[in-house]
Visitor: 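The structure under discussion is supplied below as structure tokens; questions concerning it will follow.
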There are 2 protein chains.
Amino acid sequence: MKQKGKPSEDITIFDVANEAGVSYSTVSRVLNNKEHVSPEKRERVLRAMAELGYVANIQARTLAGGRSHIVGLLVHGLDTSYIGEIMKGIDNELHTVNYDLMLYTTHRRKTKESAYVVKLTRNLVDGLLLVLPRNADAYLETLRQRHFPHVLVDHLGLPTIDAPAVGATNWQGAYEATTYLLDLGHRRIGFITGSMELGCAVERLEGYKAALEKHGIVIDPELIREGDFLQPRGYTCARELLALAEPPTAIFASNDISAFGAMEAVRDHGLQIPRDISIIGFDDIPQAASVNPPLTTVRQPLEQMGSSAARMLLDYIAEPDRPVERLELPTELIVRQSCREPLPLGLTSTL
Amino acid sequence: MKQKGKPSEDITIFDVANEAGVSYSTVSRVLNNKEHVSPEKRERVLRAMAELGYVANIQARTLAGGRSHIVGLLVHGLDTSYIGEIMKGIDNELHTVNYDLMLYTTHRRKTKESAYVVKLTRNLVDGLLLVLPRNADAYLETLRQRHFPHVLVDHLGLPTIDAPAVGATNWQGAYEATTYLLDLGHRRIGFITGSMELGCAVERLEGYKAALEKHGIVIDPELIREGDFLQPRGYTCARELLALAEPPTAIFASNDISAFGAMEAVRDHGLQIPRDISIIGFDDIPQAASVNPPLTTVRQPLEQMGSSAARMLLDYIAEPDRPVERLELPTELIVRQSCREPLPLGLTSTL
DNA sequence: GTGAAAGCGCTAACAG
DNA sequence: CTGTTAGCGCTTTCAC
């Protein structure tokens, strides 16, 4: 016995065939936009579908070897609007081609990530979108071997991986942000990294270092703290930076969330932003504009990254053997009010 | 020809049966935790599954009349962390029972909402979670008739609807917030509503009115502006309020996002929060704590609402004919720094 | 308790 | 161009 739906509502391809007076293979052809159907019959089938309110059964379709018109999206969590923005882009793109989205949250557990990937590729989805994967090496090879369409989001740059991906110009963005601080007159710039297992985090650090070197400033390892893209660690790192014998006059955090943590730390330390210390972030999530003071940051085109990735995935679904494509979208420095020139020496410790 | 997966990887129930030396019906029984299987065989099957790395095929399973172990989630958009918080709760709950999530975004288009519901109930998902539905009346009856498990989130209180739902004590929360403002000494309190087609918006307005009346203050319709839960409208409404001959000394916005709009308007008007005007919000999304000044607001247990709704949905999936259940979770006033006593008369226009 | 058999609704060869 | 024929992998009767 079927458990869902009333029988009367279950219009199948067979009913449509009946109504249109054709065989049900013809209906299937129309359904899948195949050729070899006379325009007249196609028309009749279409009308019958509309009249009966036919809705294709995804399960049957997929089981029989067709497409499910579903893509899987693997994210680590829904905590920040970082993901929200990317999802918005994905969603918009998918919507135009009538694809649906299956959401998987790994909660930053690496084992779950692999488990999901196995499960997904054996099931249901036509392709996989992986946002900031933590454990990609473990299954990327499998995905590739099985010719299973997939695209990484924001995970360019780690040389071990050669998978389709879309990201942003992390190095460039970090370079520009650092240069901006340098031009303001800062010489001791603290840096809070992201999760260093992520390509984007590495690139940002490199960009920071490159800008410093370009200005002939030797890199002080004390000024670089390893964060994890989360607010609490941003807070801790900033506190450590502040506690240095010779604290920085500016802090560059690898993402906005960390920057928020840093801002909190600065305030708790009794200092003012940007008077006593400048803060700069990365991402430009919506929140960045509304914190106090509005955060100067490097904008990543998150939504666009999402839509580009979805677009690319759709291409791979249509043609699984396309060559590996990698897209790098431009970042942009958004100047707001969290940075300014450093205080003349000796005035920092006014508190 | 199959398009996905390598044949060698496609372990089916049949392979498991082979390996375990039983018929594949027995494997199916084990898979579905049915009785009438000897412990010994069950054990053998389980071991074979593990060894072969068997993964059930959802499509086949669903097609054959079983559960898909997927629930659908219908939201209007991913713009705000309001949804993110709720999703976190849903996700956590579903995860414990190995259910997957299918995400549908309506982009606030009412027609899409109905279309999705039709599509979903004929397909794939075992149940439906509807967050802040806009057009629920259009399909709730269908859902009920078809005994299709569903739960509304944050849509209690509209008397036309009698569906399973979880929400929060909107009336009570608004009442308390208004009372708080009143106790601070405010007498002219502006109110920005939410989308009035939503039960929660209506309740919040009622709570506001009730508190005023309790204090013997006549309700001035000029002080009530119809918003839509979005920041731009919050901004506009606040501007209108500020332009009044006798402007309010406090503004109560029906959600935090609107409150942010109001804060912007107040600042653009050259006034300070909370010195010149107090602002209070509703929801307590994460952002509320980090705006400037930190927003006093009514906390809704968003995450908990999500998990309760998921839990309830699971119950309905297990037992579709359970009586309609409605859950109302408590709200709580979170006092931060956006409110204080009104300025002595005459000092407001100091600018 | 267990196996055999009959589909679920659809796609993809296969003949015409 | 169109209809016929097999399954896809699984759940569920139904016998044994």
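All values reported here derive from a predicted model rather than from experimental measurement.
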Visitor: In whole Å, what is the span from the CD atom of A:Glu35 to the C1' atom of D:dT2?
Guide: 14 Å
Visitor: What's the shortest heavy-atom distance between B:Glu319 and B:Arg322, and which atoms?
Guide: O-CG, 2.9 Å
Visitor: Please report the shortest heavy-atom distance between A:Leu129 and A:Ala309, naming the atom on each side.
Guide: CD1-O, 3.9 Å
Visitor: Would you say B:Ser25 places a side-chain N or O within less than 4.0 Å of OP1 or OP2 belonging to C:dA4?
Guide: no
Visitor: Nearest 0.5 Å, please: how far is OG in B:Ser68 from CE in B:Met102?
Guide: 9.5 Å
Visitor: At under 4.0 Å, does any side-chain N or O of A:Arg61 touch on OP1 or OP2 of C:dT11?
Guide: yes
Visitor: So, is A:Asn57 close to the C:dC8 phosphate, meaning a side-chain N or O under 4.0 Å from OP1 or OP2?
Guide: no
Visitor: Just to confirm, is there a sub-4.0 Å distance from OP1 or OP2 of D:dT12 to any side-chain nitrogen or oxygen of B:Lys34?
Guide: yes
Visitor: To the nearest angstrom, how far is A:Glu43 atom CD from D:dT2 atom P?
Guide: 14 Å
Visitor: Taking only side-chain N and O atoms of A:Tyr24, does any of them lie within less than 4.0 angstrom of OP1 or OP2 on D:dT5?
Guide: no
Visitor: Whole-Å distance between D:dT12 P and B:Ile13 CD1?
Guide: 11 Å
Visitor: Under a 3.5 Å distance rule, please check whether A:Gln304 uses its side chain to pair with a backbone N or O of A:Leu329 as donor and acceptor.
Guide: no
Visitor: Where the side chain of B:Leu63 is defined as all heavy atoms beyond and including C-beta, which of D:dC10, D:dG9, D:dT2 is the nearest nucleotide?
Guide: D:dG9
Visitor: Going from CD on A:Glu197 to NE2 on A:His155, what distance comes out if it is rounded to the nearest 0.5 angstrom?
Guide: 8.5 Å
Visitor: Please state how far atom CG in A:Asn18 lies from atom C1' in D:dG3, giving the value in whole angstrom units.
Guide: 14 Å
Visitor: Without decimals, in angstroms, what is the distance between B:Arg44 CZ and C:dT2 C1'?
Guide: 12 Å
Visitor: Between C:dA12 atom P and A:His36 atom NE2, what is the distance in whole Å?
Guide: 13 Å
Visitor: How is A:Ser28 classified with respect to the nucleic acid when contacts are heavy atoms under 4.0 Å: base, sugar-phosphate, or nothing?
Guide: base
Visitor: Rounded to the Å, how far apart are A:Asn32 CG and C:dC10 C1'?
Guide: 9 Å
Visitor: Let me spell it out: for each of B:Ala60 and B:Lys41, pick the nucleotide of DNA chain C with the closest heavy atom. Which residue's pick is nearer the 5' end?
Guide: B:Lys41
Visitor: Taking OP1 and OP2 of D:dG3, is either one under 4.0 Å from a side-chain nitrogen or oxygen of A:Thr26?
Guide: yes
Visitor: Return the nearest nucleotide to the side chain of B:Arg29; candidates are D:dG3, C:dG1, D:dC14.
Guide: D:dC14
Visitor: Could you give the NE2-to-C1' distance, from A:His69 to C:dT11, as a whole number of Å?
Guide: 12 Å
Visitor: Would you indicate, yes or no, if D:dC8 has its OP1 or OP2 atom less than 4.0 angstrom from a side-chain nitrogen or oxygen of A:Thr62?
Guide: no
Visitor: So A:Phe14 and A:Val27, do their side chains get closer than 4.5 Å, heavy atoms only?
Guide: no
Visitor: Determine: side-chain N/O of B:Ser38 to OP1/OP2 of C:dG1, distance under 4.0 Å, yes or no.
Guide: no
Visitor: What nucleotide, of C:dA12, D:dT11, D:dG7, holds the atom closest to the side chain of A:Ala64?
Guide: D:dG7
Visitor: Does OP1 or OP2 of D:dT2 have a side-chain N or O of A:Ser23 closer than 4.0 Å?
Guide: no
